[in-house]
Amino acid sequence: ASWSADEMFVAYVAERPKKSQTPEWGDGFGKGRGGAADNGEEAGGVKAKGRVWRGVGEFEDDWGEANTGKQAPVVFVLDVAERLVTMAMEPDAEKSYGQPVWSPKAVDGNHLVYVQWNHSSSIFPNLTERLGIVYCFNRPCEMVVRAWPGDPEKETNAQGVNTGLKSAFSPRFTDGGDLVFLSQENAVRSGTHSATPEVHSKTWDSIVDGTEGAQGFSYGGSGDFPGMYASVLADGPALTLDGHAVLFATVQWRSKTAVVALDVTNGEILRASPEGAPSDAAALDSSSSWAFLGASSNGYVLAQASAPNVPCRLFAKRMTSLESLEDPLTGWQEVYVPGVVDACPELARTALEAISASIAEISAFDADVNPIKTFEATLIGPNQNEKAPRPTLLVPHGGPHTAYSTQFIPSISFLAACGYNVITVNYRGSTGFGEASLQSLPGNIGTADVQDCMAALEHFASEGAVLPDQVAVVGGSHGGFLTGHLIGQFPTVFKAAVMRNPVCNISLMVHLTDIPDWCYIETFGSEEGFFRAQARNTREDLIAMEQKSPVRYIDSVQAAVLVMLGACDRRVPLDDGKRYVSRLKQSDHAPDTRVVVFEKDEHGLTRPQTDFEQWITCLWWLRHHGCGTSDAS
């Protein structure tokens with residue numbers, strides 16, 4: 001929600017009303033025909049309670065995963081004085097609206113900027129259904145500005161914000177009226193669900209007069225900045241430092257997250273958080289990740305630092321001038337909040353204190369011919385300074401265009417605290433490492449990412465951190481895809497595997513998923529994927545998709561396989577995983593397998609009960625099959 005500058009209006013997002021109401025059935029049948037049931041009452045005047053229902057009506061498309069059955073979102077405005085709610089626009093049936101923000105008082109305070117998405121994809125015209133939107137930044141979108149309440153004599157009080165871009169979202173205003181926003185132009189151009197975002201700004205005058213274009217930002221600090229890897233710009237006021245408007249954001253910066261400052265006046269990006277931890281921050285080290293929480297108008301910036309062994313530390317820094325940004329290491333003071341740091345039970349605190357993390361830059365298997373020669377992986381486990389051989393879990397992330405950071409992730413820290421060396425792999429194609437690295441993966445899934453995972457395992461094995469007869473692999477979504485590939489392509493390496501809502505057969509998934517575009521782009525690469533993407537799959541398409549899939553290697557699998565599925569998953573529907581297990585059981589030397597279905601869960605398996613159960617089950621499965629049963633565990 002967003003408050004207007006005078007606090008007389010609140011803009012918020014909600015589902016639009018249904019187009020029409022369907023008839024009532026049951027004891028209410030005949031309603032409107034003059035019968036006794038016209039008012040929902042039986043002949044004797046008794047209410048027909050529980051025996052009237054409304055018909056389902058015609059199917060209406062939605063935004064897929066996590067949006068099942070939801071109407072398209074629109075922006076509403078609450079007039080606080082009048083207690084009146086009004087739609088902010090006359091909604092187009094083929095559009096959705098969201099992310100509203102009010103203009104500041106400095107420019108008039110009575111304009112509303114919001115984002116709109118078309119229900120049909122202009123970059124995939126032959127995919128006729130509405131494509132899923134959660135985690136899908138390749139959906140074209142634009143910003144709209146309108147006066148509020150506007151001139152009743154005008155046909156429309158709204159106009160597009162002319163950025164010249166096919167992607168513009170997460171709008172934020174500075175106090176002076178400059179509009180700052182993110183763009184995933186690279187994702188729209190390439191078709192990948194996420195790419196390297198850009199941050200832009202427009203002056204208020206250029207918004208009102210419709211001037212095309214926007215100012216881009218560039219990095220102005222020291223070190224190698226990979227790109228503006230943020231999914232949203234944080235709420236909160238911009239600070240004014242030496243006359244410059246400055247916003248803050250959290251970005252993925254290789255295998256860590258960091259706080260960056262956006263100097264709107266000169267379009268410069270600077271690192272604002274330490275590349276690790278302030279010198280006086282107990283328990284934190286150079287592997288720590290930082291995240292921006294908020295800023296106050298008097299110059300204080302609040303951030304959170306965490307690491308695999310540190311759930312959360314709060315820090316504040318007073319920013320009084322641009323010079324405050326020049327040294328990100330100094331000036332941060334820890335903020336003690338009772339009940340946060342000391343809320344961790346003693347048993348958990350002791351277990352966490354025993355683990356640490358180390359990030360390694362690893363040479364790719366094809367470094368002699370590939371311009372992207374390295375990637376990163378992080379080893380998380382007990383006493384990493386010693387790197388003793390222990391039962392080892394290889395954990396590739398999903399996406400594939402996401403990344404693991406060294407921030408505190410409960411499941412990863414849980415497994416490390418249970419005695420495992422956990423290797424999280426940011427294979428080439430991950431976010432946070434530059435656009436060239438990210439775009440090297442589409443068309444090469446199932447080979448390049450698999451080889452990077454094996455290179456990470458071999459790297460830490462060469463350092464003496466791996467017990468070779470107690471290695472397992474755990475992954476979800478595309479991480480589950482890689483898990484299936486690894487146990488199929490390297491069957492003697494892995495003793496057990498845990499697959500969470502895995503992509504097992506892309507040629508099956510493409511018929512069921514809310515993101516068929518993903519199947520084409522990741523299988524064929526951007527250029528050919530755009531050309532081939534259509535609702536009617538060709539035989540050649542399906543053969544190529546199966547050849548890229550883990551199911552290709554299913555007869556070689558020897559590891560014990562646990563598959564955990566969400567019954568409400570629309571991204572990788574559970575039939576994909578179930579059929580993989582059915583085929584696995586039919587192989588000549590079928591390994592031990594088990595399927596667990598969480599009836600109320602979607603793709604992420606994120607319900608609290610599920611989050612607890614799945615990792616306890618994962619630990620049991622690994623130990624039951626001899627991974628983690630040595631004295632070292």
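Throughout, numbering of the chain's residues begins at 1 and tracks the sequence.
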Visitor: Considering non-hydrogen atoms only, spot the tightest contact between L112 and P100 and give its length.
Guide: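 The pair with the smallest heavy-atom distance is CD1-CB, 4.1 Å.
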Visitor: Taking T483 for the side chain and M499 for the main chain, is one N or O donor matched with an acceptor at less than 3.5 Å?
Guide: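 No: the side chain of T483 does not pair with the backbone of M499.
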Visitor: Check whether any side-chain heavy atom of D541 lies under 4.5 Å from a side-chain heavy atom of Q534, and answer yes or no.
Guide: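 Yes - at least one pair of side-chain heavy atoms lies under 4.5 Å apart.
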Visitor: Looking at T257, is its backbone amide N or carbonyl O close enough to the side chain of Q407 to form a donor-acceptor pair, meaning the two atoms are under 3.5 Å apart?
Guide: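 Flag not set: sc Q407 to bb T257 has no pair under 3.5 Å.
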Visitor: Between R428 and D366 (salt bridge meaning N to carboxylate O under 4.0 Å), is one present in this structure?
Guide: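 Salt bridge: yes.
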Visitor: Look at atom CD of Q609 and say whether more than 12 heavy atoms of other residues, nucleotides or ligands are closer to it than 6.0 Å.
Guide: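 Count over threshold, so yes.
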Visitor: Hey, can you tell me if F248 and F292 have their rings parallel, tilted or perpendicular (30° and 60° cut-offs)?
Guide: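 Ring orientation, 0 to 90° scale: parallel.
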Visitor: Side chain of Y229, backbone of G434: donor and acceptor closer than 3.5 Å?
Guide: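 Yes, Y229 side chain to G434 backbone: donor-acceptor pair under 3.5 Å.
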Visitor: Can the ring centroids of H193 and F137 be said to lie less than 6.0 angstrom from one another?
Guide: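 Distance test on ring centres: not under 6.0 Å, no.
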Visitor: Taking the six-membered ring of F524 as reference, does the NZ or CZ atom of R532 fall below 6.0 Å from its centre and within a 45° cone about the axis?
Guide: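 Satisfied, under 6.0 Å and within 45°.
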Visitor: Testing the 3.5 Å rule here: is there a donor-acceptor pair between the side chains of Q159 and R146?
Guide: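 There is no such pair between these side chains.
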Visitor: Answer with yes or no after comparing the ring centroid distance for F225 and W253 against a 6.0 Å cut-off, counting only values under it.
Guide: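 Judged by ring-centre distance (under 6.0 Å), F225 and W253 do meet the cut-off.
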Visitor: In this structure, are over 12 heavy atoms from other groups packed under 6.0 Å from E527 atom CD?
Guide: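 Counting other residues, nucleotides and ligands, CD of E527 stays at 12 neighbours or fewer.
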Visitor: Can N426 and S255 be counted as having a side-chain donor-acceptor contact under 3.5 angstrom?
Guide: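 Yes, S255 and N426 have a side-chain donor paired with an acceptor closer than 3.5 Å.
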Visitor: Could you tell me which non-hydrogen atom of I521 sits nearest to which non-hydrogen atom of G191, and how far apart they are?
Guide: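 Here I521 and G191 meet closest at CG1-O, 3.8 Å.
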Visitor: Angle class for the Y404/H397 ring planes (parallel below 30°, perpendicular above 60°, tilted otherwise)?
Guide: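 Plane angle over 60°, so perpendicular.
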Visitor: Any chance you could measure L182, atom CG, to H200, atom NE2, to the nearest 0.5 Å?
Guide: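 These two atoms lie 9.0 Å from each other.
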Visitor: Which one of D576, D575, D62 satisfies the salt bridge (Lys or Arg N to Asp or Glu O under 4.0 Å) criterion with R570?
Guide: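 Of all the options given, the one that passes is D62.
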Visitor: How long is the gap from SG on C141 to CD1 on I133, to the nearest 0.5 Å?
Guide: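 One finds 7.5 Å between SG of C141 and CD1 of I133.
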Visitor: Backbone N or O of L233 within a donor-acceptor pair of the S170 side chain at under 3.5 Å?
Guide: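 The answer is yes, because a donor-acceptor pair under 3.5 Å joins these two groups.
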Visitor: Do the side chain of S183 and the main chain of S167 share a donor and acceptor less than 3.5 angstrom apart?
Guide: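 Present.
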Visitor: Please report the C-alpha distance between L441 and Y427 in whole Å, then the side-chain angles of each, then the deciding distance to 0.1 Å, and finally whether the side-chain contact (heavy atoms from CB on, under 4.5 Å) criterion is met.
Guide: CA-CA 9 Å; L441 184 57; Y427 45 84; 4.0 Å; yes
Visitor: Hey, are the side chains of P91 and K95 touching, using non-hydrogen atoms and a 4.5 Å cut-off?
Guide: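 With C-beta onward as the side chain, the pair stays apart.
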Visitor: Which word best sums up how the rings of F481 and H478 line up, parallel for under 30°, tilted for 30 to 60°, or perpendicular for over 60°?
Guide: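 Parallel.
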Visitor: Can you tell me if D61 uses its side chain to pair, donor with acceptor, with the backbone of R130 under 3.5 Å?
Guide: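 A pair under 3.5 Å: yes.
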Visitor: Is it true that N505 and S507 share a donor-acceptor pair across their side chains at a distance under 3.5 Å?
Guide: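 Side-chain D/A pair, S507 to N505: present.
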Visitor: Would you call D178 and K202 a salt bridge, using N to O less than 4.0 angstrom?
Guide: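 K202 and D178: not salt-bridged.
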Visitor: Decide yes or no for L394 and V425: does some side-chain heavy atom of the first lie under 4.5 Å from some side-chain heavy atom of the second?
Guide: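 They are in side-chain contact.
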Visitor: Please report the shortest heavy-atom distance between Y97 and V13, naming the atom on each side.
Guide: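 The pair with the smallest heavy-atom distance is O-CG1, 3.9 Å.
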Visitor: Between N126 and R536, does a side-chain contact (heavy atoms from CB on, under 4.5 Å) hold up when you go through it step by step?
Guide: CA-CA 9 Å; N126 295 321; R536 181 177 293 180; over 6 Å; no
Visitor: Tell me, do V10 and S4 make a side-chain contact under 4.5 Å, heavy atoms counted?
Guide: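 Sidechains of S4 and V10: no contact.
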Visitor: Counting only N and O atoms by type, is there a donor-acceptor contact under 3.5 Å from the side chain of D452 to the main-chain atoms of D449?
Guide: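 No, because the side chain of D452 does not come within donor-acceptor range (under 3.5 Å) of the backbone of D449.
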Visitor: If you define the side chain from C-beta out and look only at heavy atoms, does anything of R583 sit under 4.5 Å from V551?
Guide: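 Yes - at least one pair of side-chain heavy atoms lies under 4.5 Å apart.
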Visitor: Closest approach of L438 and S194, non-hydrogen atoms and distance?
Guide: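 Looks like CD2-O, 3.6 Å.
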Visitor: With a 4.5 Å limit on heavy-atom distance, are the side chains of V115 and E142 in contact?
Guide: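 The answer is no, as the side chains (C-beta and beyond) never meet within the 4.5 Å cut-off.
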Visitor: Taking the side chain as everything from C-beta on, heavy atoms only, tell me whether T68 gets closer than 4.5 Å to C568.
Guide: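 Not in contact.
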Visitor: Counting N and O atoms only, with roles assigned by atom type, does the side chain of W102 sit under 3.5 Å from a partner on the main chain of H111, one being a donor and the other an acceptor?
Guide: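 No, because the side chain of W102 does not come within donor-acceptor range (under 3.5 Å) of the backbone of H111.
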Visitor: Look only at the side chain of S405 and the backbone of K256, and say whether a donor-acceptor pair between them is shorter than 3.5 Å.
Guide: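 Answer holds: no.
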Visitor: With rounding to the nearest 0.5 Å, note down the distance linking OG in S96 to NE2 in H119.
Guide: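 Here the interatomic distance stands at 3.0 Å.
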Visitor: Under the 3.5 angstrom rule, does the side chain of Q614 hit a backbone N or O of L605 as a donor-acceptor pair?
Guide: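 It does hold such a pair.
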Visitor: Apply side-chain contact (heavy atoms from CB on, under 4.5 Å) to the pair K578 and L565, showing each step before the final yes or no.
Guide: CA-CA 9 Å; K578 287 173 65 178; L565 307 170; 3.7 Å; yes
Visitor: I269 vs V251, test: side-chain contact (heavy atoms from CB on, under 4.5 Å). Steps then yes/no.
Guide: CA-CA 11 Å; I269 303 172; V251 298; over 6 Å; no
Visitor: Taking the six-membered ring for Trp, is the centroid-to-centroid distance between Y135 and W63 below 6.0 Å?
Guide: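 That pair fails the under 6.0 Å test.
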Visitor: Check H511 against N537 and note the closest heavy-atom contact, atom names and distance.
Guide: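 Scanning both residues, the minimum pair turns out to be CE1-OD1, 2.9 Å.
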Visitor: State yes or no: are the ring centers of F169 and F181 separated by less than 6.0 Å?
Guide: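 Aromatic pair excluded; centres sit 6.0 Å or further apart.
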Visitor: Tell me which one of V180, V199, T203 satisfies side chain to side chain contact (heavy atoms under 4.5 Å, CB included) with V264.
Guide: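 Only match with V264 under side chain to side chain contact (heavy atoms under 4.5 Å, CB included): V180.
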Visitor: State whether E376 and R254 are salt-bridged, where the test is any N-O pair (Lys NZ or Arg NE/NH1/NH2 against Asp/Glu carboxylate O) under 4.0 Å.
Guide: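 R254 and E376: salt-bridged.
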Visitor: Please check if any side-chain donor atom of T447 sits under 3.5 Å from a side-chain acceptor atom of N444, or the reverse.
Guide: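 Side chains of T447 and N444: no pair found under 3.5 Å.
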Visitor: Looking at T610, N501, T606, which hits side chain to side chain donor-acceptor pair (under 3.5 Å) with D601?
Guide: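 Answer to the side chain to side chain donor-acceptor pair (under 3.5 Å) test with D601 among T610, N501, T606: T610.
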Visitor: Quick one about S430 and H401 (side-chain donor to acceptor, distance below 3.5 Å, no hydrogens or angles considered), yes or no?
Guide: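 Distance-only check fails for H401 and S430.
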Visitor: Drop me the distance from N186's CG to Q439's CD, to the nearest 0.5 angstrom.
Guide: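 Spacing of CG (N186) from CD (Q439) equals 7.0 Å.
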Visitor: Could you measure the distance from the CE atom of M228 to the OG atom of S218? Nearest 0.5 Å is fine.
Guide: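 Answer rounded to 0.5 Å: 12.5 Å.
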Visitor: Working note: E15 + K70, criterion salt bridge (Lys or Arg N to Asp or Glu O under 4.0 Å); need CA distance, chi angles, decisive distance, verdict.
Guide: CA-CA 7 Å; E15 295 178 62; K70 295 180 181 178; over 6 Å; no
Visitor: Considering residues, nucleotides and ligands other than K166, do more than 12 of their heavy atoms fall under 6.0 Å from its NZ?
Guide: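 Not more than 12 within 6.0 Å, no.
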Visitor: Between CE of M509 and OG1 of T523, what distance do you get to the nearest 0.5 Å?
Guide: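 The distance works out to 9.0 Å.
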Visitor: So P140 and I123, do their side chains get closer than 4.5 Å, heavy atoms only?
Guide: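 Answer yes - side chains close enough.
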Visitor: Minimum heavy-atom separation for A187 to A195, with atom names?
Guide: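 Shortest heavy-atom contact: N-CB, 3.5 Å.
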Visitor: Look at atom OH of Y12 and say whether more than 12 heavy atoms of other residues, nucleotides or ligands are closer to it than 6.0 Å.
Guide: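 Yes, the 6.0 Å shell around OH holds more than 12 heavy atoms from other groups.
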Visitor: Would you please say whether a donor-acceptor pair under 3.5 Å links the side chains of S437 and S440?
Guide: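 Looking only at side-chain atoms, S440 and S437 do not form any donor-acceptor pair under 3.5 Å.
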